[in-house]
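Report on the structure given below.
Small disclaimer: the values here were computed from a predicted structure and weren't measured.
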Amino acid sequence: MEKIWAIGITILIFLVITFLYWKLTRGYAKKEYGKKMWTQWGTRTFYWTGALMISGGLTVLIIFLLNSANILTF
């Protein structure tokens, strides 16, 4: 049962970080690539690949810090 909570917390942290990253960088990415380039699937795929990599890395870092501080144990 304890592992189910850890998995749920990890997924929740990942989704929150991904949402915040999207909210903060969406406008910048559209402006940087331009309106025409942003509508192409390759540009968006590149953006979302980076977003998921950054979110995954931050999630691992946060879980590691929570585990080190004995807040989250599994």
Item checked: Six-ring centre of W22, R26 cation under 6.0 angstrom, axis tolerance 45° ->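 Flagged: R26 positioned over aromatic ring of W22.
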Supply the atom-to-atom distance [X] [atom1] to [Y] [atom2], rounded to the nearest 0.5 angstrom.
X	Y	atom1	atom2	result
L12	T59	CG	OG1	10.0 Å
I9	I62	CD1	CD1	12.0 Å
T25	K30	OG1	NZ	11.0 Å
I54	T49	CD1	OG1	11.0 Å

Notebook entry, point to check: Is it true that a side-chain atom of T43 and a backbone atom of M37 form a donor plus acceptor pair closer than 3.5 Å?
Noted result: yes
Are [Y] and [X] connected in a single hydrophobic cluster, I mean Ile/Leu/Val/Met/Phe/Trp/Tyr linked by side-chain heavy atoms less than 4.5 Å apart?
X	Y	result
F46	W48	yes
Y47	F19	yes
I7	L15	yes
I11	I13	no
L52	I63	no

Check: Closest approach of G56 and F14, non-hydrogen atoms and distance?
Finding: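 Residues G56 and F14, closest heavy atoms: N-CE1, 3.6 Å.
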Note to self: Tell me the closest heavy-atom pair linking T18 and S55, and the distance in Å.
What the structure shows: OG1-OG, 3.0 Å
Margin query: Over 60° means perpendicular and under 30° means parallel, so tell me whether W38 and Y33 are parallel, tilted or perpendicular.
Written below: parallel
